[in-house]
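Only one structure is covered here, and it is reproduced in the block below.
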Amino acid sequence: MSEPLTELAKRRGFYFQSSDAYGGASGFYTYGPQGAALKRNVIDAWRERFITQEGHMEIDAPTVMGEPVFEASGHLDTFDDMIIECPACERSFRADHLVEDETTIEDAEAMSFEAIEETIAENELSCPSCGNSLADVAVSAFNLMFETNIGPGSSAPGYLRPETAQGIFVEFPQLKEYARNQLPFGVAQVGRAYRNEISPRRSIVRVREFTQAELELFIDPERDTPSIDRVQNVTVPLYSATAQEGDGEVVRMTIGDAVEDELVEEWIAYYLAIAAEWYESVGIDMERFRYRQHRPDELSHYASDTWDAEVSVDGNWIELTGFAYRGAYDLTKHDDYSNEEYTIFRQYDEPVTVEEPSVDPEMSVLGPEYGSDAGKIADELASLAESDPDAFDAESVTVTVDGDAYTIATDVANFSRTATKNGEHITPHVVEPSFGVDRLLYTILAHNYREDEVEGERRRSLSLPSSIAPTTVGVFPLMTKDGLDDRARELARKLRVAGFTVTYDDSGQIGRRYRRQDEIGTPFCVTVDHESLEDDTVTVRERDTMAQERVPVDALEDYLTERT
RNA sequence: GCGCUGGUGGUCUAGUGGUAGGACAUGAGCUUCCCAAGCUCAUAGCCCGGGUUCAAUUCCCGGCCAGCGCACCA
């Protein structure tokens with residue numbers, strides 16, 4: 001499997017088990033110097049493509065939020081699983097799924113623990129695995145969210161966010177101001193999220209603390225369309241839901257055709273296109289890459305179309321990114337649960353006049369005249385305008401408050417049969433590409449890991465793209481004498497000033513130093529030798545081909561810039 | 001969470017009821033060399049807790065961690 005990679009990752013400082021000195025903590029990893037640099041470079045590349053080039057904005061929200069946020073988002077329910085464990089075979093199952101599968105109840109998730117237990121007992125449900133009766137077996141809770149308390153005591157429970165997205169949705173009312181109330185606009189966030197996974201697996205592929213890079217694009221579903229024309233010729237490998245059900249296979253087709261055939265929702269399609277190009281640029285092997293559509297049974301209840309970017313590593317497909325059309329779900333929920341409005345005012349091209357009888361009573365008349373009844377009279381006038389607008393054709397109208405009839409002059413009521421509307425409030429729809437950064441790093445390492453033989457010796461290297469390699473250039477003196485090391489140190493300093501990530505190494509034989517850099521994916525090594533002292537040139541050695549080239553020191557910066 | 005297998009320097013590993021040996025890597029020195037050469041020296045290890053025992057890294061129990069399967073997750 002991938003032991004050589006895990007071994008290399010630890011030995012060379014990409015990532016390793018966290019707090020090993022205390023026995024380790026399952027599902028937590030520390031990125032070492034190389035890993036942290038690689039991660040930073042990949043995230044920077046992501047920002048450049050998905051934020052800067054798209055003209056979106058980035059925010060940085062807290063990782064802890066209060067319970068009401070997750071009540072609204074649905075995570076408190078959907079991440080709180082009801083588990084039942086069979087006493088005979090000790091397998092555990094989702095109790096709510098069991099009830100849904102075996103009875104006519106369709107929404108067992110909304111039931112209480114007691115109700116689930118009763119239902120299981122009444123229907124004499126048994127273990128799907130061994131058939132043992134599950135009646136009178138207790139249902140226990142397992143919440144995937146890490147819980148904490150905000151402030152002293154337990155009156156204000158909070159949770160570590162299970163996804164970065166809610167930090168964006170929650171702040172929508174403020175964020176829309178920064179977008180000057182104009183759709184579409186995109187808000188991105190790169191940050192940590194936490195899930196108390198039952199069993200973390202496969203080193204950094206499934207962990208309890210991970211980094212997400214998410215983009216939430218807010219659109220007007222009726223007016224906004226993506227620039228498909230700019231990406232229509234991008235070819236992507238699509239594994240559709242229907243293909244998955246039959247014997248279908250991955251089909252390579254252009255984004256233009258995929259949208260034309262209505263295989264992929266057009267906004268999703270746009271992101272599939274730019275993401276495919278981006279994945280390739282950071283070193284994903286596109287021969288081991290596909291976009292897989294969620295089948296209807298795995299779609300989230302709010303998503304109408306979702307595609308995952310998946311890669312094959314060691315023969316297993318792992319998910320890198322989810323591209324989901326989330327509709328109005330998230331904003332509608334927060335609109336309902338909070339005190340704010342999660343809508344955008346969509347202005348009409350032309351103001352429209354609509355039939356909408358209304359009154360605007362002169363309270364400066366009604367108030368002095370009727371005292372404390374004035375408010376109620378105004379309310380009654382409003383109802384009357386709705387129920388019988390024609391009544392206002394007369395000189396006066398009569399309304400009844402608490403059994404007393406009041407006759408009000410029509411012009412005091414300020415009746416109007418029509419209203420002018422300049423627009424309406426709409427709830428934007430959300431398109432969400434959500435990247436798992438740790439899995440991406442794992443894949444980049446796995447897809448670029450090379451083993452070959454050079455003169456009988458095994459050579460291991462990471463063929464990372466220069467743009468994301470932790471170190472860009474290694475600078476070595478051929479020998480530590482005749483001032484070669486001083487010259488090399490000076491060159492290293494100069495290149496650092498020029499903005500390159502440089503490592504200096506004069507330890508041991510030159511070949512050993514090349515190999516060290518090969519293992520951490522450094523694309524270039526520069527060697528200062530005796531010739532350098534005479535004509536100010538150096539040897540540049542390229543990682544993948546091991547080819548060497550003589551380059552004047554003056555031209556070195558340009559040489560490296562062109563190739564990174 | 002359940003099951004199986006495992007846990008010895010930074011890495012890979014040998015071995016043992018009387019507290020450990022190698023290789024690689026790393027550091028210093030010699031060598032001064034364009035792809036892990038050689039020599040000398042050095043640094044560094046039995047996952048944690050309990051039990052049995054005169055004595056446990058070794059045997060037993062529990063835990064932690066890892067890989068895999070189931071389940072869970074996307």
Side-chain angles (χ1 to χ4, degrees), chain A residues 1-4 6-13 16-29 32 78-79 81-94 97 127-129 140 142 144 162-163 195-203 205-208 210 212 292 294 298-300 303 306 308-310 314 316-322 324 434 436 439 453-461 476-482 484-485 506-519 525-531 538-543 545-550:
Chain A
M1 295 300 282
S2 56
E3 279 101 28
T6 305
E7 186 264 318
L8 176 72
K10 183 170 186 184
R11 189 163 47 78
R12 286 300 186 194
F16 53 91
Q17 178 78 38
S18 226
S19 42
D20 208 31
Y22 293 92
S26 181
F28 295 93
Y29 283 81
T78 59
F79 270 50
D81 291 339
M82 290 178 265
I83 303 285
I84 188 163
E85 187 180 316
C86 172
C89 68
E90 296 185 319
R91 294 233 167 115
S92 45
F93 306 90
R94 286 277 298 269
H97 288 181
C127 172
S129 178
S140 56
F142 185 79
L144 250 31
E163 60 175 15
R195 288 179 196 176
N196 202 359
E197 296 285 355
I198 296 173
S199 74
R201 281 293 153 91
R202 302 189 61 201
S203 74
V205 172
R206 195 157 96 208
V207 288
R208 293 193 164 118
F210 53 100
Q212 289 185 307
R292 189 180 71 80
H294 278 206
E298 61 182 330
L299 272 179
S300 305
T306 300
D308 287 343
E310 295 185 332
D314 302 323
N316 296 304
W317 287 96
I318 56 179
E319 180 201 332
L320 288 187
T321 303
S434 168
R439 292 175 171 194
E453 271 205 5
V454 178
E455 292 169 19
E457 294 280 356
R458 185 173 60 167
R459 187 175 86 110
R460 294 198 281 196
S461 62
F476 318 139
L478 186 60
M479 308 168 258
T480 51
K481 70 169 199 181
D482 300 334
L484 293 181
D485 47 340
D506 62 11
S507 145
Q509 198 211 26
I510 190 80
R512 176 183 303 250
R513 289 177 253 163
Y514 286 146
R515 299 301 169 84
R516 276 185 191 138
Q517 296 308 314
D518 287 342
E519 280 200 329
C525 291
V526 171
T527 300
V528 175
D529 55 23
H530 284 100
E531 208 180 322
V538 290
T539 303
V540 179
R541 178 263 196 186
E542 199 273 332
R543 177 193 62 208
T545 60
M546 298 193 292
Q548 301 192 351
E549 195 175 345
R550 205 74 202 169

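We name chains A, B, ... by the order of the sequence lines, and we start the count at 1 in each one. These numbers come from the heavy atoms of this one structure, side chains and all, not from hydrogens, waters or symmetry mates.
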Quick one: label A/G27 by what it contacts on the DNA or RNA (base, sugar-phosphate, nothing), any heavy atom closer than 4.0 Å.
-> sugar-phosphate
Taking only side-chain nitrogens and oxygens of A/R11, does any of them come within less than 4.0 Å of OP1 or OP2 of B/C24?
-> no
In Å, rounded to the nearest 0.5 Å, how long is the span from CZ of A/R201 to CG of A/N316?
-> 12.0 Å
Distance between C1' atoms of B/C73 and B/U16 (Å, rounded) | 44 Å
Could you grab the distance from atom CD of A/E7 to atom CZ of A/R460, nearest 0.5 Å is fine?
-> 5.0 Å
Whole-Å C1' distance, B/A36 and B/G50 = 46 Å
Kindly compute the distance separating CZ (A/R513) from CG (A/D518), expressed to the nearest 0.5 Å.
-> 13.5 Å
Gap separating the CZ atom of A/R439 from the CG atom of A/L320, nearest 0.5 angstrom = 8.0 Å
Quickly work out the A/R208 CZ to B/A74 C1' distance and round it to whole Å.
-> 16 Å
Write down the distance between CZ (A/R515) and P (B/C33), rounded to a whole number of angstrom.
-> 20 Å
Is A/E519 touching bases, backbone alone, or none of the nucleic acid, heavy atoms closer than 4.0 Å?
-> base
Roughly, in whole Å, what's the span from NZ in A/K10 to P in B/G7?
-> 15 Å
In whole Å, what separates the C1' atom of B/C65 from that of B/C54?
-> 33 Å
Using a cut-off of 4.0 Å on non-hydrogen atoms, how would the nucleic acid contact of A/D518 be classed: base, sugar-phosphate, or nothing?
-> nothing
Which value, rounded to the nearest 0.5 Å, describes the distance between A/F476 atom CZ and A/C525 atom SG?
-> 3.5 Å
Find the distance A/L8:CG to B/C24:C1' and express it as a whole number of Å.
-> 14 Å
Counting only side-chain N and O atoms of A/S507, is one of them less than 4.0 Å from OP1 or OP2 of B/U26?
-> no
Interatomic distance at P, B/C24 relative to B/A20, whole Å = 22 Å
Please state whether the phosphate of B/A66, meaning OP1 or OP2, lies under 4.0 angstrom from any side-chain nitrogen or oxygen of A/Q17.
-> yes
In whole angstroms, how far is the C1' atom of B/C34 from the CE atom of A/M479?
-> 10 Å
If the P atom of B/C61 is compared with that of B/G10, how far apart are they to the nearest Å?
-> 29 Å
Please state whether the phosphate of B/U32, meaning OP1 or OP2, lies under 4.0 angstrom from any side-chain nitrogen or oxygen of A/K481.
-> no
From CZ (A/R206) to CD1 (A/I318), nearest 0.5 Å = 12.0 Å
Ignoring backbone atoms, establish whether A/R512 has a side-chain N or O less than 4.0 Å from OP1 or OP2 of B/A37.
-> yes
Once Watson-Crick and G-U wobble pairs under 3.5 Å are found, how is RNA chain B written in dot-bracket notation, 5' to 3', with | for any base paired to another strand?
-> (((((((..((((....[..)))).(((((.......)))))....(((((..]....))))))))))))....
Is the distance from OP1 or OP2 of B/U26 to the nearest side-chain N or O of A/R516 less than 4.0 Å?
-> yes
Locate the shortest heavy-atom distance separating A/D529 from A/T539; write the atom from each residue and the value.
-> OD2-OG1, 3.8 Å
Residue whose closest nucleotide on RNA chain B lies nearer the 5' end, A/Y29 versus A/R195 = A/Y29
What does A/R292 touch in the nucleic acid at a heavy-atom separation under 4.0 angstrom: a base, only the sugar-phosphate, or nothing?
-> base
base_contact_polar (B/C73 base, A/E197 side chain, donor-acceptor, <3.5 Å) | no
For the side chain of A/R201 and the base of B/G69, is some donor closer than 3.5 Å to an acceptor across the two?
-> yes
Please walk me through it: do A/R12 and A/R516 pass side chain to side chain contact (heavy atoms under 4.5 Å, CB included)?
-> CA-CA 9 Å; A/R12 286 300 186 194; A/R516 276 185 191 138; 3.7 Å; yes
Mind listing the closest non-hydrogen atom pair of A/I510 and A/P477 along with its distance?
-> CD1-O, 4.3 Å
Separation between the C1' atoms of B/A66 and B/C47, rounded to whole Å | 11 Å
Between B/C59 and B/G22, how far apart are the P atoms? Round to whole Å, please.
-> 23 Å
Check whether the side chain of A/T539 and the base of B/C34 form a donor-acceptor pair under 3.5 Å.
-> yes
Under 3.5 Å donor-acceptor pair, A/R513 side-chain atoms to B/C35 base atoms | no
How would you label the contact of A/I510 with the nucleic acid (heavy atoms, under 4.0 Å): base, sugar-phosphate, or nothing?
-> sugar-phosphate
Can you check whether any acceptor in the base of B/C34 is under 3.5 Å from a donor in the side chain of A/Y514, or vice versa?
-> yes
Atom-to-atom span, CD1 of A/I198 to C1' of B/G1 - whole angstrom = 7 Å
Expressed in angstrom and rounded to an integer, what is the separation of A/D485 atom CG from B/U32 atom P?
-> 15 Å
Side-chain atoms of A/R12 come closest, of B/U11, B/C72, B/A36, to B/A36
Would you say B/A66 has OP1 or OP2 under 4.0 Å from some side-chain N or O of A/S26?
-> yes
Minimum side-chain heavy-atom gap A/E197-A/S26 below 4.5 Å | no
Euclidean distance, atom CD of residue A/E310 to atom P of B/A74 [Å, nearest integer] = 14 Å
Using atom P of each nucleotide, how far apart are B/C60 and B/C4 to the nearest Å?
-> 15 Å
